[in-house]
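Encoded as structure tokens, the structure appears first; notes follow it.
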Amino acid sequence: MNKNLSKKIPASYYQQEDVVAIAKDLIGKKIVSNINDQLTSGIITETEAYRGYDDKACHAHLGKFTDRTKVMYEDGGVAYVYLCYGIHNLFNIITNSKDQADAILIRAVEPVDGVEVMLERRNKLKLDKTLTSGPGNFSKAFALDKSHYGAFLTGDLVWIEENDQFRFRESEITTTTRIGIDYAQEDKDLPWRFYLNTSKFISKR
DNA sequence: AACGGGATTCACT
DNA sequence: GTGAATCCCGTTT
């Protein structure tokens, strides 16, 4: 009774090699934040993979190492958060082993726990798909910002859980191209975005 | 010290 | 569909 209802994913999961496979596998899992004693959770519905050295869309392309990107080179299982367009905190999970600099951007979730808290954080009155779809919107609803740069996904602020109760078919996952990376030349067309097409909480179909 | 741009969102036409 | 908002950071001077 009441077993397996809360299974935090361990660091070894994030340290697997294939960032694209992990990005797809994260669909359907549950992401949780517990910030200022306010717990929010949701089902991951949309992700994008960014692959370290090779990927022209990745901030760590060709080993670029700066104050912003340095956490990407840590062992998998930490958060990489950065400010985009001066407004939006984008939340990523670093994967693979040290120095590989692979990352997965969380682009959308379907809210589960803490909807009232999310509404307050987003200055909204009613739940609709914009509450937690789109990477900036998700981060704001879950109160994830630059203060979580480098946070361990094995810690107590933000983590991901197995979600065995949530079932879906393989055909419910759409594989397509990433968004907002037109500068990445030929890599802009890599099929490294995944979303659960039966959810309405998707940034773009 | 200055400059330019971005893994976006929202309001408006 | 178009454009403004907004600021940190990486690059250049």
Side-chain angles (χ1 to χ4, degrees), chain A residues 14 19-24 26-27 31 42 44-74 76 78-96 100-111 118-151 153 158 160 174-196 200-205:
Chain A
Y14 303 107
V19 67
V20 178
I22 302 170
K24 183 176 182 182
L26 284 175
I27 300 295
I31 188 164
I44 297 172
T45 53
E46 182 178 348
T47 62
E48 276 176 359
Y50 289 85
R51 197 173 68 185
Y53 193 94
D54 297 335
D55 178 4
K56 289 184 174 176
C58 184
H59 292 164
H61 178 51
L62 298 181
K64 187 171 180 177
F65 189 94
T66 67
D67 280 344
R68 183 177 72 153
T69 64
K70 58 189 177 187
V71 80
M72 301 180 77
Y73 296 84
E74 296 297 315
V78 299
Y80 166 48
V81 186
Y82 73 97
L83 188 67
C84 188
Y85 297 106
I87 307 172
H88 307 291
N89 289 290
L90 269 58
F91 181 85
N92 296 252
I93 294 160
I94 298 305
T95 69
N96 208 332
Q100 297 306 304
D102 293 350
I104 296 168
L105 173 66
I106 305 297
R107 293 192 55 90
V109 310
E110 184 163 325
M118 297 186 207
L119 287 168
E120 194 173 325
R121 289 169 176 164
R122 302 256 10 251
N123 300 316
K124 285 177 168 289
L125 299 175
K126 297 173 74 171
L127 172 61
D128 65 30
K129 72 171 189 175
T130 67
L131 183 66
T132 50
S133 59
N137 291 340
F138 154 70
S139 298
K140 190 170 184 188
F142 277 62
L144 297 168
D145 59 33
K146 280 208 62 197
S147 70
H148 306 105
Y149 184 89
L153 277 288
V158 53
I160 299 175
T174 294
T175 301
T176 185
T177 53
R178 297 173 292 178
I179 293 176
I181 55 158
D182 287 349
Y183 59 84
Q185 302 171 38
E186 69 271 19
D187 289 344
K188 75 180 171 54
D189 296 321
L190 290 169
W192 286 358
R193 181 165 71 101
F194 303 95
Y195 65 85
L196 187 69
K200 67 177 180 181
F201 293 88
I202 299 300
S203 70
K204 186 167 185 282
R205 287 176 193 279

- Message: Counting primed atoms plus P, OP1 and OP2 as sugar-phosphate and everything else as base, spell out the protein contacts along nucleotides 5-13 of chain B at 4.0 Å heavy-atom distance: B, S or - for each nucleotide, 5' to 3'.
- Response: -BBBSS---
- Query: Using atom P of each nucleotide, how far apart are C:dG1 and B:dA7 to the nearest Å?
  - Reply: 22 Å
- Could you tell me whether the side chain of A:Asn92 and the main chain of A:Tyr80 form a donor-acceptor pair under 3.5 Å? yes
- Got a donor-acceptor contact below 3.5 angstrom from the A:Glu74 side chain to the A:Gly150 backbone? no
- Task: Can you tell me which residue pairs pass the salt bridge (Lys or Arg N to Asp or Glu O under 4.0 Å) test with a partner in residues 118-136 of chain A, sequence neighbours excluded?
- Result: none
- Message: Taking side-chain contact (heavy atoms from CB on, under 4.5 Å) as the criterion, tell me which of A:His59, A:Met72, A:Arg178 meets it with A:Tyr50.
- Response: A:Arg178
- Just by distance, do the side chain of A:Thr175 and the backbone of A:Pro191 share a donor-acceptor pair under 3.5 Å? no
Could you list the protein-to-nucleotides 1-4 of chain B atom pairs, N/O on both sides, closer than 3.5 Å?
none

- By side chain to side chain contact (heavy atoms under 4.5 Å, CB included) - contacts of A:Ala49 (at least two apart): A:Val19, A:Val20, A:Ala23, A:Trp192
- Task: Flag the pair A:Phe65 / A:Lys70 as yes when at least one side-chain heavy-atom distance between them is below 4.5 Å, and no otherwise.
- Result: yes
- Backbone N/O of A:Thr66 and side chain of A:Thr69: donor-acceptor pair under 3.5 Å: yes
- Message: Could you check whether any side-chain N or O of A:Tyr73 sits under 3.5 Å from a backbone N or O of A:Gly63, counting only pairs where one atom can act as donor and the other as acceptor?
- Response: yes
- Task: Tell me, please, the opening and closing nucleotides of DNA chain C, 5' to 3', among those with an atom under 4.0 angstrom from a non-hydrogen atom of chain A.
- Result: C:dA5 to C:dT11
- Item | Base-paired stems that DNA chain B participates in, counting runs of 3 or more Watson-Crick or G-U pairs under 3.5 Å | B:1-6 with C:7-12, B:8-12 with C:1-5
- Donor-acceptor contact present, side-chain A:Glu46 to main-chain A:Ser203, <3.5 Å: yes
- Taking it one step at a time, do A:Ile31 and A:Phe142 satisfy side-chain contact (heavy atoms from CB on, under 4.5 Å)? CA-CA 9 Å; A:Ile31 188 164; A:Phe142 277 62; 4.1 Å; yes
- Task: For the pair A:Asp102 (side chain) and A:Gly52 (backbone), establish whether a donor and an acceptor sit closer than 3.5 Å, ignoring hydrogens and angles.
- Result: yes
